[in-house]
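Hydrogens, waters and symmetry mates are skipped; everything else that's a heavy atom, side chains included, is used. In this chain, numbering begins with 1 at the start of the sequence shown.
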Amino acid sequence: MLPSGGLKETQLNNNQKVHPQPMEQQQQINQNPEAMEALISNLFGNISSLKSAYIQLQSAHTPYDPDKIQEADKAVISELKNLSELKHHYREHNPKPVCVSPQDSRLAAEIQEQQSLLKTYEVMVKKFQSEIQNKDSEITQMMDKIEEANQKRVKLEKNLKLRGMSNESSSSVEFPPDLTVELFISTYEAASKAVHDFSKPLINMMKAAGWDLDSAANSIEPEVDYAKRPHKKYAFESYICQRMFGGFQRKDFSLDSAESAMAYDDDDTETFFRQFLSLKDMDPLDALCANPDSNFGKFCRSKYLILIHPKMEASFFGNLDQRDYVAGGGHPRTGFYQAFLKLAKSVWVLHRLAYSFDPAAKIFQVKKGSEYSDSYMESVLKNIVVDDKGESPRVGLMVMPGFWIGGSVVQSRVYVSGVKVVE
């Protein structure tokens, strides 16, 4: 008979010791061997899936594929979650025994081993995630470099186009002029000649209309001491310049248009030089026929209405039909208007060229009565002789404005008053 008071250690025939366990736990284990086997099978299945996901994560790095890396990373995380759920499930349904059998010890050791492996995998996953972030950072930097290179390429292509170069160019291509002070001076000379040329038909039409040219010249700039009567033609050239160059200091040439004001960037010198090149050798009427409402067309329309006032036009043509046509947006093909277009084009391309420089060329004017200085003025009269009083000559009127461009000066052209001219 065995004692009934409590559980005691007993000896079996094979001298094997049996460690007593709580009755409830022993019954739970004995009653659910299938559940334990299923748990272990799920455990090993999840570990195998984790290994597979890890291998996929490694293979996604060679070659580097961000999408595959992200997909494999999600798979690894999913398997880790499954293992964590198995661990919690096991602990909830299998409380820690007071004493475990050798079989349980082996199972616990295997679980511990797998948990260690999981920690290793977690460390490696974090490492790969860090590498992925580094790779993403490198990709971002490379994309920035590519964008910068593309911007440089676009700028170089613009420069090549400005110089008349393209992929289809050949050795016979004529290159446009370089952006130099000499180019600006030659364009300035052309504008000055255009002013002089337009003053001739203007004076002729005034004569034909019965105008008093002496009074007209005096109304433009009074009390100018002309050395000779024919010199009063410079008053009309001055009149033309004052109106044609008005607003030159503004980038939009005072077109008073929101569209034209938005058309130019603060540093878009290439746009101005491209416009200069496109129009400098083109017939102005052809340019207006192609695009009558361009900024150049608006400039021509505005300056004509300012330069040729209604009374002047009515005396020239007997009506205001041409003025009304221009004001309505048209560009007539009359000889007088075409002569004006040549003048307008010369001033417009000079403005385009002035703003092609960085910094832009700056216009300056000389006031009447200023002391003559050949450092920034040029007399339209040659071989002038100062009077015996020895006083410095004074400016009677400004014929053409001058320009500051870089460290150079394009002299303003003036008529010097109170001097004599040696033939």
Side-chain angles (χ1 to χ4, degrees), residues 191-224 232-250 252-261 283-289 291-351 363 365 368 397-401 415:
S192 179
K193 183 177 184 301
V195 170
H196 175 73
D197 291 344
F198 183 72
S199 68
K200 293 180 179 179
L202 181 66
I203 293 173
N204 289 336
M205 295 195 73
M206 293 176 72
K207 286 182 179 179
W211 282 59
D212 184 341
L213 297 183
D214 292 333
S215 298
N218 188 61
S219 65
I220 294 171
E221 193 65 68
E223 299 180 358
V224 177
K232 292 184 179 181
K233 66 179 181 180
Y234 293 115
F236 297 99
E237 292 186 24
S238 176
Y239 167 81
I240 294 171
C241 282
Q242 291 291 342
R243 281 149 183 78
M244 293 302 297
F245 282 88
F248 194 99
Q249 72 280 3
R250 287 180 50 175
D252 64 352
F253 218 145
S254 298
L255 293 180
D256 296 329
S257 167
E259 178 183 352
S260 62
D283 184 271
L285 188 59
D286 292 342
L288 294 176
C289 289
N291 191 358
D293 293 324
S294 64
N295 283 335
F296 174 58
K298 294 175 184 177
F299 171 79
C300 293
R301 186 178 304 122
S302 172
K303 291 300 182 181
Y304 179 84
L305 298 177
I306 292 174
L307 182 63
I308 309 299
H309 57 75
K311 290 183 178 180
M312 182 182 291
E313 181 163 316
S315 68
F316 290 170
F317 308 114
N319 56 58
L320 298 177
D321 292 348
Q322 180 164 279
R323 182 180 185 83
D324 293 340
Y325 185 72
V326 173
H331 298 284
R333 294 178 176 270
T334 63
F336 183 75
Y337 190 76
Q338 290 189 51
F340 164 78
L341 288 182
K342 292 180 181 179
L343 165 66
K345 173 198 162 183
S346 69
V347 178
W348 177 259
V349 295
L350 183 64
H351 181 269
I363 190 172
Q365 300 186 34
K368 177 184 177 181
L397 54 85
M398 185 190 72
V399 179
M400 275 285 290
Y415 183 87

Out of curiosity, [X] [atom1] to [Y] [atom2], how far, rounded to the nearest 0.5 Å?
| X | Y | atom1 | atom2 | result |
| --- | --- | --- | --- | --- |
| D293 | H331 | CG | NE2 | 7.0 Å |
| L288 | R333 | CG | CZ | 10.0 Å |
| S346 | L343 | OG | CG | 5.0 Å |
| C300 | L285 | SG | CG | 10.0 Å |
| F316 | I308 | CZ | CD1 | 6.0 Å |
| F248 | L350 | CZ | CG | 4.0 Å |

Would the number of heavy atoms belonging to other residues, nucleotides or ligands and lying under 6.0 Å from NZ of K368 be above 12?
yes
Using modelled atom types and a 3.5 Å cut-off, is there a donor and acceptor pairing between side-chain atoms of [X] and backbone atoms of [Y]?
| X | Y | result |
| --- | --- | --- |
| K303 | R243 | yes |
| Q365 | P401 | no |
| Y239 | L307 | yes |
| R301 | G330 | no |

Can you see which heavy atom on [X] is nearest to which on [Y], and at what distance?
| X | Y | answer |
| --- | --- | --- |
| V399 | Y415 | CG2-N, 4.1 Å |
| L320 | P310 | CD2-O, 3.4 Å |
| S238 | L397 | CB-CD1, 3.9 Å |

Could you tell me whether the side chain of V195 reaches within less than 4.5 Å of the side chain of M400, counting heavy atoms only?
yes
Side chains of V326 and R323, heavy atoms from C-beta outward: is any pair under 4.5 Å?
no
Could you list the donor-acceptor pairs under 3.5 angstrom formed by side chains in residues 199-211, with sequence neighbours left out?
| unit_1 | atom_1 | unit_2 | atom_2 | d |
| --- | --- | --- | --- | --- |
| S199 | OG | H196 | O | 2.5 |
| N204 | ND2 | K200 | O | 3.2 |
| W211 | NE1 | S315 | OG | 3.0 |

If the test is ring-ring contact (aromatic ring centres under 6.0 Å, His included), which one of F198, F299, F340 qualifies with Y304?
F340
Side-chain donor-acceptor contact under 3.5 Å, Y234 with E221:
no
On the 0 to 90° scale, with breaks at 30° and 60°, tag the H351-W348 ring pair as parallel, tilted or perpendicular.
parallel
